[in-house]
Number of protein chains: 4
Amino acid sequence: MSSQKSTAAPDAAPNATGRTPKRARGRQRVAALLDAATVVFAEKGYDAATMTEIAARSSTAIGSLYRFFPSKEALAEGLLHRYGERAGAGLDAIAAHASAMTAAQMADALLDLMMALKSERTALKVLMDARVDGANRRQYLRGVIRGRMAGVLSAHAPGLSAERADLLSVMVLHLMKTIPELAEEAEAAALFQEMRLVLSAYLAAAVAGG
Amino acid sequence: MSSQKSTAAPDAAPNATGRTPKRARGRQRVAALLDAATVVFAEKGYDAATMTEIAARSSTAIGSLYRFFPSKEALAEGLLHRYGERAGAGLDAIAAHASAMTAAQMADALLDLMMALKSERTALKVLMDARVDGANRRQYLRGVIRGRMAGVLSAHAPGLSAERADLLSVMVLHLMKTIPELAEEAEAAALFQEMRLVLSAYLAAAVAGG
Amino acid sequence: MSSQKSTAAPDAAPNATGRTPKRARGRQRVAALLDAATVVFAEKGYDAATMTEIAARSSTAIGSLYRFFPSKEALAEGLLHRYGERAGAGLDAIAAHASAMTAAQMADALLDLMMALKSERTALKVLMDARVDGANRRQYLRGVIRGRMAGVLSAHAPGLSAERADLLSVMVLHLMKTIPELAEEAEAAALFQEMRLVLSAYLAAAVAGG
Amino acid sequence: MSSQKSTAAPDAAPNATGRTPKRARGRQRVAALLDAATVVFAEKGYDAATMTEIAARSSTAIGSLYRFFPSKEALAEGLLHRYGERAGAGLDAIAAHASAMTAAQMADALLDLMMALKSERTALKVLMDARVDGANRRQYLRGVIRGRMAGVLSAHAPGLSAERADLLSVMVLHLMKTIPELAEEAEAAALFQEMRLVLSAYLAAAVAGG
DNA sequence: TATGAATGAGACTTCATTCAT
DNA sequence: CATGAATGAAGTCTCATTCAT
């Protein structure tokens, strides 16, 4: 099932022709499907989201949806995969400047990234929370992101042991993961600022050797 | 299935009196149902959890489950209610000693409470996240707990404004809410200690006026 | 099943004591149950009516309801039986004066009887229409009433052959049976008068040898 | 079950052309479903009829039944609609010759129509009697048929006032509606002739100004 | 290859009926 | 005998997935 994906949504190199040859059409479809899935999963939750609605929202026939993603689980996987790439890229970008940042600046940078991925983040949360059997697949995403985040933190605080950086990265990711939930509270804006405090206090304490 | 019940409900008739037969049995049933619901909701999530499985896990006939909780939503509500009472009592107990605690001790106390309610906490998170219509009932729980937590924090740091205490309590609750997720990671124990650091650093910074 | 009824609801002679000894209490219960059943069947239809509601409306425990009527079908039977007795008595009363009536007067008398039994009539219709297996039991009621009606018609028009009187009685009963439905139309009152016309025209034509 | 279908649906593809495959199949399905529903509703009544049985009788998967009729109520509505069209057409055909008919001929014509729609009529009665909420839809059917019948009567007896024609049509429809019940009696054939007498006597009396 | 009608397992819920108290 | 909690078969409806066209 997971092996089929590489066939259906190949990460092939960007094509040379500027037009939309066969291959590119598929890429667009996949993107549209993932966008629709993001919206529907976020709105309804994993179980309540229906393949039919996701297909409809992206103007795709249900049969075509199943051609690209052979199951609902595979679709979720696809979403996770795309998110992993985007978030990874964002973290790499932060890592590039991490050494020159204060704890507060680091907190800001991470929160900014969080906001940039906001819409996807909600869908992600839904998928990660869904107690599906595909827990293993989630492990993959975790691994990818976690490594990137550890890179960020090591760059930021070169003194950290590899072990410590790993643990820190898990906790920071955990904290970031919960941010969209804060947006649902009445005091969303204030809580967002408050999370800045949480993060910077934690990072400062941890780097100091807490 | 019905014959299994006498085996599966060894906690029957704790007292020797012939009294409270009907009533007590009902109470036990409800408790068993809520326990089973806690487990199943936590394992599967709200949508994927089935009334049939919850009934089976508590050795209850499906019809009996519906006698006590006339809908899945009502069952969720029952769980929320029970959790509210337990968590509220725990917070009140902490509040009684809050003034004499350091930030680190407060973090410990809160985490201890969290551990005591661990199994229920996971189910709770699932229910609070579920995109059900009965959002009002959840709002009620939120209000109750939040007020209790604000009491704890005010007792701990009398200098806080009511507003600030409110905001802090929301954030602390938010952080605590996410703890069960950490338990799913490989480094659960270490992360738990890490959360101690997060909480105490945040509390110390916040009380200091960060 | 049907044999149990004679035990549960005996048509025993009116008791001598003026009080309410054991036997009479049962009689009251049965009457209350049948009254409640009449209302609920009429309101909801046979299938949608629930034994629980019928018990509740007559302030009877569900277990007691089942003591008197061992099944829903038996309860329906009980209602049919009571209706048969009441309608039969009414028809006998009409028969006593039938020889002195014109066709129009006969139509009036029958319609008056119909109105007197109105509330029960609606419940009856529901039960007769219900496509339950107990079709045989309905046959019984039909037989009883039909014989009475044939008596009325023979008294009214002595010239009719027994065969003809039988056929006429079936048709007249059929027409009367449908009256409650007219009450649901907007023009109920006018239709009721119209039914007078139908009946008297038919009786006159039939007696005349149509 | 799916393999049985080719056996159970011998009316498939009446034309030789490869054309109208999808569309025509849908229409056939709907017709088969309505036919099955007619039978089952007539046999069991509205409540006791199960969607599962209706699907089975038309060799349709339950899911397909729900694709065409998204609820039991919708299915009933579909039946009502189809009946309305057929009965309306029949009444219009009678109206075309009504002016040249005697009361007895009119009675015959109406009874003939009734016989032609016999099987549907029984189901109709069940649906119209059913205590469902969708009463509005039934009102619509009533209106349509009633207007057609008033047209028939006006054509038959031009002297009738519009009001009177309306009232007459309601009563005539009422009488016709009850015919299927007569078919359940032992003397069905004789009763059918008797209904001829009822109708013609009534029409004659009414036209005469009774 | 794209399409969407068809499929049927399975979810929630109701209610007639039983039986321990 | 009365009571009403307990039971579980059965009904309506949804939706992931397949496959003929």
Side-chain angles (χ1 to χ4, degrees), chain A residues 22 25-26 29 47-56 59-75, chain B residues 1-2 5 18-19 21-23 25-26 29 47-56 59-75, chain C residues 22 25-26 29 47-56 59-75, chain D residues 1-3 5 18-23 25-26 29 47-56 59-75:
Chain A
K22 283 179 181 175
R25 278 271 286 283
R29 261 292 135 80
D47 290 284
T50 72
M51 295 297 268
T52 301
E53 179 174 359
I54 292 171
S59 303
T60 304
I62 182 69
S64 300
L65 164 50
Y66 271 86
R67 181 159 301 283
F68 291 113
F69 300 100
S71 72
K72 196 177 182 178
E73 171 64 17
L75 179 55
Chain B
M1 189 169 278
S2 57
K5 196 178 7 167
R19 267 332 356 275
K22 287 241 181 63
R23 282 292 170 70
R25 267 233 272 163
R29 260 293 143 76
D47 288 293
T50 75
M51 294 299 267
T52 300
E53 179 173 1
I54 292 170
S59 301
T60 302
I62 184 71
S64 301
L65 166 50
Y66 273 88
R67 167 171 292 282
F68 292 111
F69 301 101
S71 72
K72 196 177 181 179
E73 171 65 16
L75 178 57
Chain C
K22 284 181 178 174
R25 277 272 286 283
R29 260 293 136 78
D47 290 285
T50 73
M51 295 297 269
T52 300
E53 180 174 0
I54 291 170
S59 302
T60 303
I62 183 70
S64 301
L65 164 50
Y66 271 85
R67 183 158 300 282
F68 291 112
F69 301 100
S71 73
K72 195 176 183 180
E73 171 65 17
L75 178 57
Chain D
M1 187 169 278
S2 59
S3 61
K5 195 172 18 163
R19 270 325 3 274
T20 57
K22 286 244 182 66
R23 280 295 170 70
R25 264 232 274 164
R29 261 293 143 78
D47 289 294
T50 74
M51 296 297 268
T52 301
E53 179 172 1
I54 292 170
S59 302
T60 303
I62 184 67
S64 300
L65 166 49
Y66 274 88
R67 166 170 292 282
F68 292 111
F69 302 100
S71 71
K72 196 175 181 181
E73 170 65 16
L75 178 56

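This structure is a prediction, so every number in the text was calculated from the model and none was measured. Naming: A, B, ... by sequence-line order, numbering from 1 per chain. Worth knowing before you read on, the calculation uses all heavy atoms, side chains too, and leaves out hydrogens, waters and symmetry mates.
In this structure, the CD1 atom of Ile54(A) is 17 Å from the P atom of dG4(E), given to the nearest Å. Rounding to whole angstrom units, NZ of residue Lys72(B) and P of dT14(E) are separated by 15 Å. One atom, CG of Leu65(C), and another, C1' of dT18(E), lie 13 Å apart when rounded to the nearest Å. Between the CD1 atom of Ile62(C) and the P atom of dA6(F) there is a distance of 16 Å, given to the nearest Å. If you measure from atom CZ of Phe68(D) to atom P of dA5(E), you get 8 Å, rounded to the nearest angstrom. As a whole-Å value, the separation of Arg29(B) CZ from dT7(F) C1' is 10 Å.
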query: Given Watson-Crick or G-U pairs with both distances under 3.5 Å, what dot-bracket string fits DNA chain F, with | for other-strand pairs and [ ] for crossing?
result: .||||||||||||||||||||

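Judged by closest nucleotide on DNA chain F, Ala61(C) is the one of Ala48(A) and Ala61(C) placed further toward the 5' end. The residue among Tyr66(C) and Met51(B) whose nearest nucleotide of DNA chain E lies closer to the 5′ end is Met51(B). Looking at which nucleotide of DNA chain F each of Ser64(B) and Asp47(D) is closest to, the 5′-most match is held by Ser64(B).
Across all strands, Ala49(D) comes closer than 4.0 Å only to sugar-phosphate atoms, never to a base (heavy-atom distances). Phe69(B) comes within 4.0 angstrom of no nucleic acid atom, judged by non-hydrogen atoms across all strands. As judged by a 4.0 angstrom heavy-atom cut-off over every strand, Ser71(B) is placed among residues touching the sugar-phosphate backbone only.
Using a 4.0 Å cut-off, some side-chain N or O of Arg67(C) falls inside it from OP1 or OP2 of dA2(F).
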task: Might you work through the side chain to side chain contact (heavy atoms under 4.5 Å, CB included) test for Met51(A) and Phe69(A), ending with a clear yes or no?
output: CA-CA 10 Å; Met51(A) 295 297 268; Phe69(A) 300 100; 5.5 Å; no

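Take Thr50(B) and apply the side-chain contact (heavy atoms from CB on, under 4.5 Å) test, not counting sequence neighbours, and it matches Thr52(B), Glu53(B).
Put simply, CZ on Phe68(D) and OG1 on Thr60(D) are 8.0 Å apart, with the number rounded to the nearest 0.5 Å.
For the pair Leu65(C)/Arg29(C), no side-chain contact is recorded, criterion being any heavy-atom separation below 4.5 Å from C-beta on.
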